Protein chains: 2
Amino acid sequence: MRDNNDMPGHLIRRLQQIAVAVFHSEAEAAGYDLTPVQYAALAAISTSPGIDQVTLAGLIAYDRTTITGVVDRLAQKGLIERQASSRDRRARELTMTPEGKKTLEGITPAVTAAQQLMVRGLTDDETEELMRLLRKAIAAGNELSRAPLRQV
Amino acid sequence: MRDNNDMPGHLIRRLQQIAVAVFHSEAEAAGYDLTPVQYAALAAISTSPGIDQVTLAGLIAYDRTTITGVVDRLAQKGLIERQASSRDRRARELTMTPEGKKTLEGITPAVTAAQQLMVRGLTDDETEELMRLLRKAIAAGNELSRAPLRQV
DNA sequence: TCATTATTGACAGTATACTGATGATCAGTG
DNA sequence: CACTGATCATCAGTATACTGTCAATAATGA
């Protein structure tokens with residue numbers, strides 16, 4: 001019988017759990033109540049103001065159904081605003097509030113720290129190699145998920 | 001600003017999504033309705049009959065709260081049985097049913113196929129290296145998650 | 001033995017992720 | 001312009017994951 005430790009799926013799941021836990025503890029220690037998912041969405045909206053939800057989902061590889069809830073919570077926290085688009089009445093344009101900008105700037109050091117902490121068992125070279133392999137595997141499997149990356 | 005593609009956390013999350021999607025489609029194609037999480041739990045119960053839920057959670061690095069629902073669903077599908085332990089009246093001993101054994105055996109080829117498919121962009125050597133790096137990072141971060149691995 | 005502490009399983013509540021469906025709207029074609 | 005098909009956002013439902021809490025029970029130490 002194949003051991004869990006020889007299953008890529010199991011190992012990926014475990015490191016993901018650790019990554020999320022590290023993110024939460026770093027963010028909380030810095031005084032912010034933001035999930036990894038919410039952070040990524042906020043950062044993407046910051047880079048692409050006025051973006052609609054489907055495009056946002058594609059940029060960060062989220063399911064379009066998931067993004068609804070994430071955007072809801074960001075709006076509820078006053079970090080972003082959602083307004084109907086004038087060009088397409090189906091779409092909602094997402095923009096950051098000043099509060100959102102302040103939060104994004106403030107939390108960034110904690111996010112950077114978390115990224116290092118979650119691979120603290122690896123050397124810098126090993127981390128680079130891990131990221132290279134992850135990128136390569138993701139590129140080949142991108143279309144297998146319901147939430148593929150869609151670069152604009 | 002740091003790109004998503006340079007963030008280990010983002011890359012890990014994406015590959016995890018792909019891994020789960022691949023597992024589902026392979027399992028479904030083989031005629032089974034079992035999630036990756038349910039499969040791992042079933043396999044662990046098969047290896048360690050009579051195990052209690054906390055020990056099971058430790059073996060596969062699940063949160064003890066999560067395991068309750070997983071075990072519920074496996075029991076509801078008739079794949080496992082839950083009975084009060086005679087040694088410890090708090091604990092529930094988990095055992096497989098014949099149906100569970102049949103399911104586990106039947107689904108195993110699909111699981112193996114899924115493990116290969118989710119890293120189909122990598123060569124065999126690269127897959128080995130990816131698993132090595134994942135194991136090393138996980139070992140260093142094990143205690144950072146609420147659901148660490150607890151080998152017996 | 002008795003009081004304190006720890007452990008097991010469960011529950012409520014929140015946040016991803018997904019499947020599948022729906023209403024509103026847009027774009028392209030005849 | 002009317003029709004068809006695609007797209008945007010949302011919803012209902014299911015399954016992880018987590019935080020924090022609780023009752024029942026076990027284990028430990030004074």
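In this text the structure is predicted, and so the values were computed from the model without any measurement.
Mapping A/Arg92 and B/Arg89 onto DNA chain D via the closest heavy atom, the residue that lands nearer the 5' end is A/Arg92. Position along DNA chain C of the nearest nucleotide to B/Thr55 versus A/Ser86 favours B/Thr55 as the more 5'-ward residue. Residues A/Val71 and B/Pro36 each lie close to DNA chain D; by heavy-atom proximity, the contact nearer the 5' end of the strand is made by A/Val71.
In the set C/dT8, C/dA21, D/dA17, D/dA17 carries the atom at the smallest distance from any side-chain atom of B/Val37. Listed candidates were C/dA17, D/dT16, D/dA9. Nearest to the side chain of B/Gln17 is C/dA17. When distances are taken from the side chain of A/Asp63 to each of D/dT10, C/dA17, C/dA10, the shortest belongs to C/dA17. The side chain of B/Thr66 lies closest to D/dA17, out of D/dA17, D/dA9, C/dG20. Relative to the side chain of B/Gln16, the nucleotides D/dA17, D/dT25, D/dT10 differ in distance, and D/dA17 lies closest. Among D/dT10, D/dT16, D/dC18, the nucleotide with an atom closest to any side-chain atom of B/Arg73 is D/dT16. Of the candidates C/dG9, C/dT16, D/dT16, the closest approach to any side-chain atom of B/Ala91 belongs to C/dG9. Checking C/dT25, D/dC18, D/dA9 against the side-chain heavy atoms of A/Arg90 singles out C/dT25 as nearest. Of the candidates C/dG9, D/dA26, D/dT10, the closest approach to any side-chain atom of B/Asp88 belongs to D/dA26.
Taking only side-chain nitrogens and oxygens, B/Arg82 comes nearer than 4.0 Å to OP1 or OP2 of C/dA10. In this model, the phosphate group of C/dA17 is approached by a side-chain N or O of B/Arg13 to a distance below 4.0 Å at OP1 or OP2. Remark: B/Gln38 is in phosphate contact with D/dT16, judged by side-chain N or O atoms under 4.0 Å from OP1 or OP2. Remark: B/Thr68 is not in phosphate contact with C/dC11, judged by side-chain N or O atoms under 4.0 Å from OP1 or OP2.
Atom CZ of A/Phe23 is separated from atom C1' of D/dA17 by 16 Å (rounded to the nearest Å). Regarding A/Asp33, its CG atom lies at a distance of 17 Å from the P atom of D/dC18, rounded to whole Å. Separating the CG atom of A/Leu59 from the C1' atom of D/dC8 is a distance of 16 Å, rounded to the nearest angstrom. Note: CG (B/Asp52) to P (C/dA10) measures 11 Å, nearest angstrom.
The nearest pair of heavy atoms linking B/Tyr62 to B/Ala147 is C-CB, 3.3 Å.
For the pair B/Arg150/B/Pro148, a side-chain contact is recorded, criterion being any heavy-atom separation below 4.5 Å from C-beta on. Within the 4.5 Å cutoff, the side chain of B/Lys136 has heavy atoms near those of the A/Glu126 side chain. Residues A/Pro8 and A/Leu11 form no side-chain contact, since every pair of their non-hydrogen atoms from C-beta on lies 4.5 Å or further apart.
Residue-to-nucleotide contacts include a donor-acceptor pair under 3.5 Å from the side chain of B/Arg64 to the base of D/dT21.
Between the side chains of B/Arg146 and B/Thr65, at least one donor N or O lies within less than 3.5 Å of an accepting N or O.
Within 4.0 Å (heavy atoms only), A/Ser145 reaches sugar-phosphate atoms of the nucleic acid but no base atom. Looking at heavy-atom distances under 4.0 Å, B/Val70 makes contact with sugar-phosphate atoms alone, never a base.
To the nearest 0.5 angstrom, A/Asp6 atom CG is 11.0 Å from B/Thr112 atom OG1.
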